[in-house]
Q: 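What follows is a structure written as structure tokens; I'll ask about it next.
Numbering of ligands and ligand atoms starts at 1, following listing order.
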Amino acid sequence: MGSRTPLPTRRQAAKALVLMTLSERPSPPKGGFAARRLIAIDDLKDGDIRYLLDLAEYYAGFLRRAAPAPRRLAGKTQINLFFEDSTRTNLSFELAGKKLGADIINVPVAASSVHKGESHVDTAQTMAAMGAHVMIVRAKEEELHRALDKVLDCPVVNAGAGKLEHPTQALLDAATIRSEFGVLEGLTIAVCGDIKHSRVAGSDARLFRRLGAAVRFVGPAELMPASDQFTDIPRIDNLKDGLAGADIVMGLRMQFERMDGDGRARAQGFFEEYGLTHETLKRAKPGARIMHPGPMNRGVEIDGALADDPDRSLILRQVFYGVAMRMACLDALLTRGE
Ligand code: CP
């Protein structure tokens, strides 16, 4: 399959970073970790972002060695409240909390009083009254997280809000890129596919640009965000030009569940025009890497052979960093780096 082109300086930097942070706990930003919630990327100051990336790398060291992490959250209660389906985010938050020693409650939404008409805010307040120290929330309602933040005493973490934001996904994506390239600064990242319905695209674009990468959106006009959104991000409607010179190609799922009408009809012919394959990746830089937040639709937006190619694909590494980054977010929000 694809030939791996080494990128010596960046890769050496990444290795040095990993070795440096394996044993050393990073210092929090001056004045402590500032964010009181994690609902959007803009809730984080630059120092918070740097700290989370370093802390995630520190925890990645424990995960790589299968060594027990410090039980920084012993005695704390973490509530996972997922009103929408999830595999990666839900389970990695659970694993992250467990590894740090927290008590975890996964609210069984499907079997809860939500179906008796209880509002999402009432459900969250009920859970908080049981003694929550942090509430991890996924919902299609884009305003819910801010509404909860107003009424709950504990930090609210956005685990996915409609089409709006998915900040911990962006953070783990940045950690993954840093582990491969050393830095994001100077990289070109092509975010491809159904950007209009994606909460990941928005959070990724905001974060990657703050970290110095050039971001572009690539896909058909009807799957681009509204014209008054992300006005300073280039939009390219053909894959050939869109992938040209990219270091990273981020594929996105067709989010059928958020499309009006017969969303599946849009998948017809999409792969032929916009599918990410070894062939289309030739337009990107030699050695460019492929990423995808998952879940993937193989044969719709990405070819299975490319997704599974260990020389090109960082997709399973994203899942690995999902645990490390969520450990970092929980630690930072609950201990403030003390
Ligand atoms: N990337 C992501 O949010 O995956 P899940 O929907 O499985 O959590």
Q: Out of all atoms in ligand 1, which are within 4.0 Å of some heavy atom of Thr87? Include the element for each.
A: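 That gives atoms 5 (P), 7 (O), 8 (O) of ligand 1.
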Q: Has ligand 1 got any nitrogen or oxygen that is less than 3.5 angstrom from a nitrogen or oxygen of Pro295?
A: no
Q: What do you reckon, does Arg138 put a non-hydrogen atom under 4.0 Å from ligand 1?
A: yes
Q: Which residue supplies the protein heavy atom nearest to atom 4 (O) of ligand 1, what is that atom called, and how far is it?
A: Arg88 NE, 3.1 Å
Q: Does the pair Asp173/Arg317 count as a salt bridge with the N-to-O cut at 4.0 Å?
A: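 Arg317 and Asp173: not salt-bridged.
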Q: Polar-atom distance check: Asn90 versus ligand 1, any N or O pair below 3.5 Å?
A: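 Between Asn90 and ligand 1, no N or O pair is found under 3.5 Å apart.
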Q: Show which atoms of ligand 1 fall inside a sub-4.0 Å distance from at least one heavy-atom site of Thr89.
A: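 Those atoms are 2 (C), 3 (O), 4 (O), 5 (P), 8 (O).
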Q: Determine whether any heavy atom of Gly160 lies closer than 4.0 Å to an atom of ligand 1.
A: no
Q: Find out whether the Lys NZ or Arg CZ of Arg206 is both under 6.0 angstrom from the six-membered ring centre of Phe208 and within 45° of the ring's axis.
A: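 No, Arg206 does not lie over the aromatic ring of Phe208.
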Q: Would you mind running through ligand 1 and noting each atom that sits below 4.0 Å from a heavy atom of Gln169?
A: 1 (N), 2 (C)
Q: Less than 4.5 Å apart, side chain to side chain, heavy atoms only: is that true for Lys76 and Arg71?
A: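 Counting from C-beta outward, Lys76 and Arg71 never come under 4.5 Å.
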Q: Is Arg326 close enough and on-axis enough to Phe93, meaning under 6.0 Å and within 45°, for cation-pi?
A: yes
Q: For the residue pair Tyr59 and Phe62, does the interplanar ring angle fall in the parallel (under 30°), tilted (30 to 60°) or perpendicular (over 60°) class?
A: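 Aromatic pair Tyr59/Phe62 classed tilted.
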Q: Distance from Arg216 atom CZ to Ile189 atom CD1, nearest 0.5 Å?
A: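 Reported to 0.5 Å precision, the distance equals 10.5 Å.
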